[in-house]
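What you see below is based on every heavy atom in this structure, not just the backbone, and it leaves out hydrogens, waters and symmetry mates. Quick caveat, the model's predicted, so the values are computed rather than measured.
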Amino acid sequence: MPLAGFRCSRGRPVSHTKHRRAIRTKNTLLAASGAVLLSIALIFGELMGQVHLPRFALLLGLASFWLGNLAIIFTITSGVSERWQDPSLSAAQMYWATAACLCAMFFMPAYSLIVYFLLFLIAIFGVFRIAPVSFIVFSLVQCVALAGVLYWQQQVGWARETLLEASVIWAFFACCQGILLTLCRNMATLRRRLRAKNMDLQDALETRKQFLANISHEIRTPMNGVLGMLELLGKSQLDSTQRRFVSVARSSGEALVMLINDVLDFAKMEAGRFELSGGEFNLRRMASKIAQGFYYLAQQKGLGFEVSIDPAIPDAVLGDEIRVRQVMNNLLGNALKFTDKGELVFTLSLIEKKNDEIRVACSVRDTGIGIDESQQEKVFESFSQADLSNTRAYGGTGLGLPIARKLCQMMQGDLIVKSRLGQGSTFTATFAFNCEQVSASRPGSLAGKSILVVDDHPDRSFSMARVVQFLGGRALVVSPSDISMEAILEQVMDHQVSGIVIHHQLRACAALPLVHKLSHLPGTATLAFAVVSHDPELPESVSIPVLSEPLSAESLYQAMAPGAAPKKAENDQNTSILSTESSKHSNLVNGMKVLLVEDNKTNQEVAMMLLEDCEVDVDVADDGVEALDKLRQSEGAYDLVFMDCQMPNMDGYDATRAIRKGEAGSACRDIPIIAMTANALAGDREKCLDAGMNDYISKPISFEVVEEKLERWQNGS
């Protein structure tokens, strides 16, 4: 008598399907125990001579019974049947089990008590499965069939009770069926109420989702104008006071956007609608860009900032770049906020590599206020902070770290903290990435070469030495307490040094004069020199390579290996000598012609000025209809389209579908289309891609993001 299990609906995650199938199998096997009990009773009755049936007929009946049971068990546990959806017997199974029990009772009257128990159990299962009308029919059939069995037992002389006793037992069984019928009606009423509540809940969740989408769109649209104009204003001719005002306003606006993002992310996680996206990205380059941005913020507070990025991390990994960036920004932002003196240390290291998967640890150490041991887990609770007093010095919603930990856990990692009050904190986030066939390839080899690392900061010198070792070279580190020209020359002569890497910010002496003197001494003419620095404004007279910190393997190889072919800057921005402000954007996008489709006038102006700042030719359309007309008339003159999604007349989704169908001309059918929208909830990116768009930017937009998209799609690639 198997028990029907849950049927997994299509489109559910694999893990959820397996869970439901496990429940279905468990409940089915539990119900099948009734069939086992009946079989044991029949076999025992046969051995005791209590079964009025030839042994051959009994064995044939048991075999047929179990073949039917096994067929039903397979149907339920495999999920091939859509009829049995609940963890209880279906009507067909109930009739099957009842017939088997009554047949056994007819030939085995001595054990009728067991059969009564099984019949009653079958009826109880029916209470939770079939409708009241079906249960009435089933009860009548069961009672009539039982009466027939009892009557024929009397007629053939197999009954162990008198007719009166059998009638009393039957009446008692019928009364119990009546009680179960009442319970069945109550269960049906409860199911109707639960369905109604469930529908109300679904409506509420849908309303909530729509509300979040509208709030996100309505806030991001004006914030795009505010932040865009502030960014453009900051690039204009301003005096120091005005520039400070713009910087404060932009910083406050960005903080507001981060707050909005945290609230939306938290709401999506609470609703179970948060999903990660996947794509290929350069993890080391991304971490380097983030570190460089926080370096200048740390400088403004008078803090030291050290960075170490493991060169063994593969060039390309598969994962959610946006969410990894969010975690890193959160950890560095918190460290910067809670640290007033001392330093920050940002480390990205490879933990392990197995086949095509890697585990990476991102650690941020600060010398800030620290966290009491009793409060350390509390910082990972939503809306909680270590200091909730009215006089607390630092603001915040208490959502950043809980969201960051959840993101790490979704990426098969975790976020932990080690801290002592008043002595700083270390937050370590771990992630798992798929790197497929990408390996940690070296840009070249420094095998056989000895490179001298000159730095009086232990963390920095260790980081630079690790890059040398990754390239196969021998790293020699000058003792921090003995950095002088004599000590360096002694190392050069004793170890046949091939190159010298010196950090720009030495505490013992000035690095640039030291390099200048060393390069003009006898015996050093063949040495390769390089300076590692955060500062992009070193004197133009510096003729040796200036490598951007954090130091990359590519840039070090190009500086230390004679004749090494320089790589393009887009492959690793650390490989080139630091550029000046006037050449901050790529020449690759110059001359592109772009169609901007946007209905909001303020956002039109912001986007136009950002695009023009990238030195591209911009044309504007107010909605999808006008965009189709301009594309049709251009005959393929546009290189790229930036498309807003919510617009009057024709929105961005319909306009994109029309373009892909060729309604704007065959020449524009495959033109790259980038969504530039204020919709930023889970599923919005997928919705844009499903409509035929190639990429996605959420508002508020920035110069860096626009330039990155232009470079990526400049040739329709």
Side-chain angles (χ1 to χ4, degrees), residues 276-295 307-329 331-332 346-353 356-364 407-408 411 413 429-444 463 466-467 470-471 534 547-558 565-576 578-579 584-586 588-589 674 685 694-697 702-715 717:
L276 296 176
S277 61
E280 183 177 308
F281 67 100
N282 191 314
L283 179 60
R284 286 187 290 119
R285 184 195 303 171
M286 183 199 72
S288 176
K289 287 183 178 180
I290 293 174
Q292 288 174 2
F294 276 94
Y295 170 77
V307 182
S308 176
I309 297 179
D310 193 342
I313 296 175
D315 291 332
V317 298
L318 295 177
D320 193 328
E321 178 181 3
I322 295 176
R323 297 307 178 181
V324 176
R325 184 191 301 271
Q326 180 178 346
V327 173
M328 292 182 179
N329 279 325
L331 298 184
L332 284 168
F346 175 65
T347 305
L348 187 68
S349 56
L350 179 66
I351 302 176
E352 64 177 349
K353 185 177 188 297
D356 292 336
E357 292 186 355
I358 63 170
R359 292 185 63 81
V360 175
C362 171
S363 176
V364 178
L407 290 173
C408 291
M411 289 182 271
T430 53
F431 312 95
F433 299 106
N434 190 307
C435 56
E436 291 189 343
Q437 302 302 320
V438 179
S439 61
S441 58
R442 292 177 174 83
S463 177
R466 185 165 61 172
V467 177
F470 173 74
L471 292 172
H534 271 302
L547 310 181
S548 177
E549 193 174 6
L551 181 63
S552 71
E554 291 84 352
S555 61
L556 181 63
Y557 174 73
Q558 292 179 32
K567 294 188 175 184
K568 293 183 179 180
E570 65 265 25
N571 291 336
D572 191 318
Q573 69 175 28
N574 295 324
T575 61
S576 61
L578 296 175
S579 60
K584 61 190 173 186
H585 60 267
S586 171
L588 296 175
V589 301
I674 301 175
R685 177 186 180 89
N694 301 89
D695 212 334
Y696 173 93
I697 301 176
S702 64
F703 172 84
E704 290 78 9
V705 175
V706 171
E707 184 186 37
E708 178 186 350
K709 299 301 181 183
L710 287 171
E711 290 183 1
R712 179 179 180 184
W713 295 102
Q714 58 181 318
N715 295 320
S717 60

**Report entry** Minimum heavy-atom distance between Ala429 and Leu331, given as atom pair plus value
**Finding:** CB-CD1, 4.0 Å
Query raised in the report: Do side-chain atoms of Asp310 reach the backbone of Leu350 as a donor and acceptor pair under 3.5 angstrom?
Result: yes
Query raised in the report: Quick one: are Val317 and Phe281 in side-chain contact, heavy atoms under 4.5 Å?
Result: yes
Query raised in the report: When rounded to the nearest 0.5 angstrom, what is the spacing between CD1 in Ile313 and CZ in Arg285?
Result: 14.0 Å
Report summary line: Residue set satisfying side chain to side chain contact (heavy atoms under 4.5 Å, CB included) with Ile351, at least two apart, ordered chain then number -> Arg359, Ala361, Thr430
Report summary line: For Ala553 and Val467, the nearest pair of non-hydrogen atoms, with its separation, is CA-CG1, 3.7 Å
Query raised in the report: With sequence neighbours excluded, what pairs up with Asp695 under the salt bridge (charged side-chain N to carboxylate O under 4.0 Å, His left out) test?
Result: Arg685, Lys709, Arg712
Query raised in the report: Measuring from Met286:CE to Glu321:CD, what's the distance to the nearest 0.5 Å?
Result: 6.0 Å
Query raised in the report: Side chains of Phe431 and Val327: closer than 4.5 Å at any heavy-atom pair?
Result: yes
Query raised in the report: With a 4.5 Å heavy-atom cut-off, do Val307 and Tyr295 have their side chains touching?
Result: no
Query - Distance, nearest 0.5 Å, that separates CG of Asn329 from CZ of Arg325 - result: 7.0 Å
Report task. Run the salt-bridge test on Glu708 and Lys289 with the 4.0 Å N-O cut-off and return the result as yes or no. Result -> no
Requested in this report: Heavy atoms only: give me the nearest Phe470-Pro311 pair and the separation to one decimal.
Outcome: CZ-O, 3.2 Å
Query raised in the report: Of the non-hydrogen atoms in Gly319 and Phe433, which two are nearest, and what is the gap between them?
Result: CA-CD2, 4.2 Å
**Report entry** Point-to-point distance, once rounded to the nearest 0.5 Å, from CG of Leu283 to CG of Leu348
**Finding:** 5.0 Å
**Report entry** Partners meeting side-chain hydrogen bond (donor to acceptor under 3.5 Å, both in side chains) with Ser308 (sequence neighbours left out)
**Finding:** Ser463, Arg466
